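Both backbone and side-chain heavy atoms feed into the values below; hydrogens, waters and symmetry mates do not. All of these numbers come straight from a predicted model, not from anything done at the bench.
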Amino acid sequence: AMEKSYVSMFLLLVVISCTLAKDVGKKETKETTAKPKLPQTLSRGWGDQLVWTQTYEEALFRAKHSQKPLMIIHHLEECPHSQALKKVFAEHKDIQKLAEKFILLNLVYETTDKNLSPDGQYVPRVLFIDPSLTVRADITGRYSNRLYAYEPSDIALLYSNMQKALKLLKTEL
């Protein structure tokens, strides 16, 4: 039990330091027009200017406490489908803008949480989780055999699903 409280304390500190750092960074970028691109390894190329969480646990914690929906992208570096989706996702200006309203996590490994693979462990797949930490089975792609899969040609659907995730939040809270 002792170890557990240390872990959650540590998570809390991580979250607090992240939010402080983020606010400070925001003020500076307003003044400086050309902002240097920082290597953002957590983004893995899905949106280098976005704030990405490091672990599933941290993402859940932040979704719950910020009352923002969580978007989880499962992908693999060596998967051409993942690479293709990543490219259109990163280049889609509206998606990148909307993504700021989410807690974001991209994973190149599977978690032990079976809720994240309701219909299999394929990539790329994108799931939305609301702040009550429920996987939204009602926000899916257009393939009945792989409900959470998106192809580059489905980018408009992914965008509208992101809008849907935010809208559901407003109506349910």
Side-chain angles (χ1 to χ4, degrees), residues 1-19 22 39-48 50-90 95-96 98-151 154-155 157-159 161-162 164-166 168-169 172:
M2 201 62 187
E3 273 172 46
K4 251 215 171 75
S5 62
Y6 278 135
V7 173
S8 54
M9 240 351 259
F10 175 68
L11 263 181
L12 201 63
L13 290 173
V14 170
V15 173
I16 290 166
S17 61
C18 288
T19 46
K22 199 170 75 188
Q40 166 54 294
T41 48
L42 286 178
S43 84
R44 296 191 179 91
W46 288 87
D48 293 340
L50 294 166
V51 180
W52 295 84
T53 46
Q54 193 157 7
T55 63
Y56 179 47
E57 292 70 28
E58 182 200 346
L60 290 176
F61 179 87
R62 288 178 62 176
K64 191 174 177 176
H65 291 273
S66 68
Q67 290 299 301
K68 286 179 173 179
L70 162 62
M71 175 164 66
I72 298 185
I73 304 170
H74 288 85
H75 63 110
L76 287 172
E77 294 297 340
E78 64 276 13
C79 161
H81 302 287
S82 296
Q83 290 298 334
L85 184 64
K86 179 198 295 193
K87 191 176 185 316
V88 294
F89 185 93
I95 277 187
Q96 291 291 310
L98 199 58
E100 293 173 7
K101 296 187 160 77
F102 288 82
I103 301 299
L104 298 167
L105 177 66
N106 69 76
L107 292 174
V108 286
Y109 55 86
E110 293 291 339
T111 68
T112 51
D113 188 345
K114 295 284 172 279
N115 295 313
L116 290 189
S117 48
D119 65 345
Q121 298 189 337
Y122 50 87
V123 293
R125 71 179 194 280
V126 182
L127 291 107
F128 295 94
I129 297 175
D130 65 31
S132 74
L133 306 188
T134 308
V135 173
R136 300 306 305 225
D138 52 349
I139 307 180
T140 56
R142 60 186 182 89
Y143 306 100
S144 53
N145 59 336
R146 293 189 162 191
L147 292 174
Y148 307 95
Y150 296 87
E151 307 230 335
D154 304 325
I155 199 71
L157 175 60
L158 181 55
Y159 179 60
N161 277 349
M162 287 169 72
K164 191 172 165 187
L166 290 165
L168 283 172
L169 201 60
E172 289 177 9

**Study point:** Heavy-atom pair with the smallest gap, counting every atom of Ala63 and Pro131
**Key:** O-CB, 3.6 Å
Exercise for review: Please confirm whether the backbone N or O of Asn106 pairs with a side-chain atom of Arg44, one donor and one acceptor, at under 3.5 Å?
Suggested key: yes
Check your understanding: Which atoms form the tightest heavy-atom contact between Leu104 and Trp52, and what is the distance?
Key -> CB-CE3, 3.5 Å
Exercise for review: Look at the side chain of Ser66 and the backbone N and O of Arg62, then say whether any donor-acceptor pair between them is shorter than 3.5 Å.
Suggested key: yes
Review point. For atom NZ of Lys64, is the number of surrounding heavy atoms from other residues, nucleotides or ligands below 6.0 Å larger than 12?
Key: no
Study note, to complete from the structure: Interatomic distance, CG@Asp113 vs CG@Leu60, rounded to 0.5 Å, equals 7.5 Å
Point to revise | Point-to-point distance, once rounded to the nearest 0.5 Å, from CG of Leu127 to CZ of Arg136 | key: 12.5 Å
Check your understanding: How long is the gap from CZ on Arg142 to OH on Tyr150, to the nearest 0.5 Å?
Key -> 11.0 Å
Study note, to complete from the structure: Taking every heavy atom of Leu70 against every heavy atom of Ala59, the minimum-distance pair comes out as CD1-CB, 3.6 Å
Check your understanding: Just by modelled atom types, is the Trp46 backbone N or O under 3.5 Å from a matching donor or acceptor in the Gln96 side chain?
Key -> yes
Check your understanding: Which heavy-atom pair separates Phe128 from Met71 by the least distance, and what is that distance?
Key -> CE2-SD, 3.5 Å
Revision key, fill the gap. Value for CD1 (Ile155) from CZ (Phe89), rounded to nearest 0.5 Å, stands at 7.0 Å
**Study point:** Glu110/Arg125 ion pair, N-O < 4.0 Å
**Key:** yes
Practice item. Determine, stepwise, if the pair Lys86 / Glu77 fulfils salt bridge (charged side-chain N to carboxylate O under 4.0 Å, His left out). Key: CA-CA 10 Å; Lys86 179 198 295 193; Glu77 294 297 340; 3.4 Å; yes
Point to revise | For the student: nearest non-hydrogen atoms of Tyr148 and Pro118, plus distance | key: CE1-CG, 3.4 Å
Point to revise | Backbone of Met162 reached by a side-chain donor or acceptor of Lys101 within 3.5 Å | key: no
Exercise for review: Test Val126 against every option in Leu158, Ile139, Ile72 by the side-chain contact (heavy atoms from CB on, under 4.5 Å) rule and name the one that passes.
Suggested key: Leu158
**Study point:** Side-chain donor or acceptor of Gln121 paired with backbone N/O of Ser117 under 3.5 Å
**Key:** no
Exercise for review: Might you point out which heavy atoms bring Leu147 and Thr140 nearest each other, and give the distance in Å?
Suggested key: O-CB, 3.3 Å
Check your understanding: To the nearest 0.5 Å, how far apart are CG in Leu76 and CD in Gln83?
Key -> 9.5 Å
Check your understanding: Any side-chain heavy atom of Ile129 sitting closer than 4.5 Å to one from Ile103?
Key -> no
Exercise for review: Hey, could you give me the NE2/OH distance between His75 and Tyr109, rounded to the nearest 0.5 Å?
Suggested key: 10.0 Å
